[in-house]
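All remarks here apply to the structure that follows.
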Amino acid sequence: MIKVAVIGVGHLGKNHAKFLSKIPGCTLVGVVDTNQKAADEIAQLYPHTKSFGVGVYQTKAYTDYKKVLRNVDAVSIATPTVAHYQIARKALSQGIHTFIEKPITTTVLEANKLISLAEKYKAVLQVGHIERFNPTFVAAKEYLQNPKFIECHRLSSFSFRSIDIDIVLDLMIHDIDLILSIVKSPVKKVDAVGVKIISDKNDLANARLVFANGCVANLTASRASDKAMRKMRIFTGTTYASIDFAEKTASVYQSKGDLSTLATNPPPGFNPKEFMLDKFINVRNLVITPYDQLEQELTSFVEAISGNKTPQVTGADGRDALAICHKILGKI
């Protein structure tokens, strides 16, 4: 059994504790929060059953993360971003497998140091880019090869969480990571604009990324919208995919003909839209099997540890997404 602790049990961390307490192959031995009451509540809510003997044992609550590191094989870090590097550096230096919520750190230099520590001490380092595990993206991924143009809209109302970071690092980073995972080409040019609406940091931003292979991505993110939206549209040479991450729907449009097959005179009762869909475009609405993507993400972390495998979202992936975020912020 992998002994694991969750460090930071606020809005997101409490769900980490919930799933890690029941994922096969691991046992939740501790939770950490600077708020003693919060740590106590989560520890009582998710007791663990030890692999030896019978019975339920209380998960221990801590306010000092250094104390829990003495008794674990792995940690999940869900603290504010500013604390990621300090905690992860301490854990990785002791060979403790580490999951870090996005963004991996505040700077690329810090991310590179964590990657080096993970390699040196042979520890799994996984970054919490949860949309990689969204069942809609997973179902559509096979149709997203060699994209030419990508458009993303990720909008939400102001949550009063993550106000320590910019909208680019808060929300846009999700789409940046997804785009990097399918484009697989260096970013050659970045243009961006940002607006401060509610907080003292940018709450709305738009960025245009031009990749070395010619692909162009246009991203808009806002945490000051009256409507929620999490959509991505991807155009390849022969395919157009429309993904709605919130509604868990995806449609794929593929070419099956061109204008050379069209008669000189349109048929009687010609309806351009219907004729196009009948003769030129094949539409496929993908079947999405729902599951909890946070549970799947944390399960993949446990499986990477137990199977001694490379995690699905590596420290390098987290660093690369962070690097693009900083390039965008540098243009705002």
Side-chain angles (χ1 to χ4, degrees), residues 1-33 38-62 65 68-79 84 87-88 91-92 94-102 104 118 121-139 174 177 245 248 288-315 317-318:
M1 296 291 286
I2 299 166
K3 294 184 292 183
V4 62
V6 176
I7 303 175
V9 288
H11 174 76
L12 188 57
K14 65 183 180 182
N15 290 318
H16 283 232
K18 170 186 173 182
F19 290 121
L20 287 169
S21 70
K22 67 178 184 178
I23 291 174
C26 72
T27 181
L28 181 67
V29 299
V31 295
V32 185
D33 202 279
D40 289 339
E41 287 178 354
I42 299 302
Q44 292 169 16
L45 192 58
Y46 301 115
H48 67 270
T49 303
K50 291 187 176 179
S51 58
F52 54 89
V54 178
V56 176
Y57 299 80
Q58 185 60 50
T59 301
K60 291 185 179 180
Y62 301 82
Y65 74 89
V68 79
L69 297 182
R70 304 167 187 166
N71 191 40
V72 296
D73 304 305
V75 293
S76 178
I77 302 171
T79 65
H84 285 185
I87 298 171
L92 291 168
Q94 297 179 39
I96 295 171
H97 306 292
T98 302
F99 179 98
I100 312 176
E101 270 300 342
K102 63 80 190 165
I104 180 172
Y121 293 99
K122 302 187 185 306
V124 169
L125 173 59
Q126 181 169 330
V127 184
H129 285 287
I130 195 169
E131 290 287 41
R132 289 272 202 109
F133 298 86
N134 190 302
T136 315
F137 180 75
V138 172
H174 285 295
D177 172 68
F245 294 96
K248 301 293 191 294
I288 310 298
T289 303
Y291 54 77
D292 191 290
Q293 57 202 66
L294 178 58
E295 181 177 15
Q296 185 64 34
E297 181 180 46
L298 292 172
T299 298
S300 78
F301 174 57
V302 173
E303 290 175 346
I305 296 169
S306 59
N308 193 26
K309 300 185 299 183
T310 301
Q312 292 190 45
V313 184
T314 65
D317 292 332

If you look at every heavy atom in A118 and L125, which pair is closest and at what distance?
CB-CB, 3.8 Å
Can you confirm whether I305 sits close enough to D73 that some side-chain heavy atom of one is under 4.5 Å from a side-chain heavy atom of the other?
no
Is there a side chain to side chain contact (heavy atoms under 4.5 Å, CB included) between V29 and K60? Walk through the geometry before answering.
CA-CA 6 Å; V29 299; K60 291 185 179 180; over 6 Å; no
Test side chain to side chain contact (heavy atoms under 4.5 Å, CB included) applied to H129 and D317, step by step:
CA-CA 9 Å; H129 285 287; D317 292 332; 5.6 Å; no
Walk me through whether Y291 and V138 qualify under side chain to side chain contact (heavy atoms under 4.5 Å, CB included).
CA-CA 12 Å; Y291 54 77; V138 172; 3.7 Å; yes
For K14 against I42, the heavy-atom pair lying closest together
CB-CD1, 3.6 Å
In this structure, CD of Q126 is separated from OG1 of T310 (nearest 0.5 Å) by 11.0 Å
When you look at E297 and F19, which way does the side chain to side chain contact (heavy atoms under 4.5 Å, CB included) test go after all the steps?
CA-CA 10 Å; E297 181 180 46; F19 290 121; over 6 Å; no
Return the minimal non-hydrogen interatomic distance between I104 and G315, and the atom names on each side.
CD1-O, 3.8 Å
Regarding E131 and Q293, do their side chains bring together a donor and an acceptor under 3.5 Å, going by distance alone?
yes
To the nearest 0.5 Å, how far apart are CD1 in I23 and OG1 in T299?
3.5 Å
At what distance, to the nearest 0.5 angstrom, does OG1 of T79 lie from NE2 of H84?
4.0 Å
Nearest heavy-atom contact between H16 and L294 is NE2-CD1, 3.9 Å
What are the two closest non-hydrogen atoms of S300 and Q312, and how far apart are they?
CB-NE2, 3.7 Å
What is the distance from atom CD1 of I96 to atom OH of Y121, rounded to the nearest 0.5 Å?
12.0 Å
Between NZ on residue K3 and SG on residue C26, distance to nearest 0.5 Å:
13.0 Å
Looking only at atom types and distance, does a side-chain atom of Y46 sit under 3.5 Å from a main-chain N or O of L20, one as donor and one as acceptor?
no
Are any side-chain N or O atoms of D33 and backbone N or O atoms of V9, one a donor and one an acceptor, separated by less than 3.5 Å?
yes
Ring centroids only, cut at 6.0 angstrom: are H174 and F245 within range, meaning strictly under it?
no
Where is the tightest heavy-atom contact between V4 and V72, given as atom of each residue plus distance?
C-CG1, 4.2 Å
Going by the side chain to side chain contact (heavy atoms under 4.5 Å, CB included) test, name the single residue among L12, L28, V75 that passes it with V6.
L28
Looking at T314 and P311, would you say the former's side chain and the latter's main chain have a donor-acceptor pair under 3.5 Å?
no
If you round to the nearest 0.5 Å, how far is CD1 of I130 from CD of E295?
11.0 Å
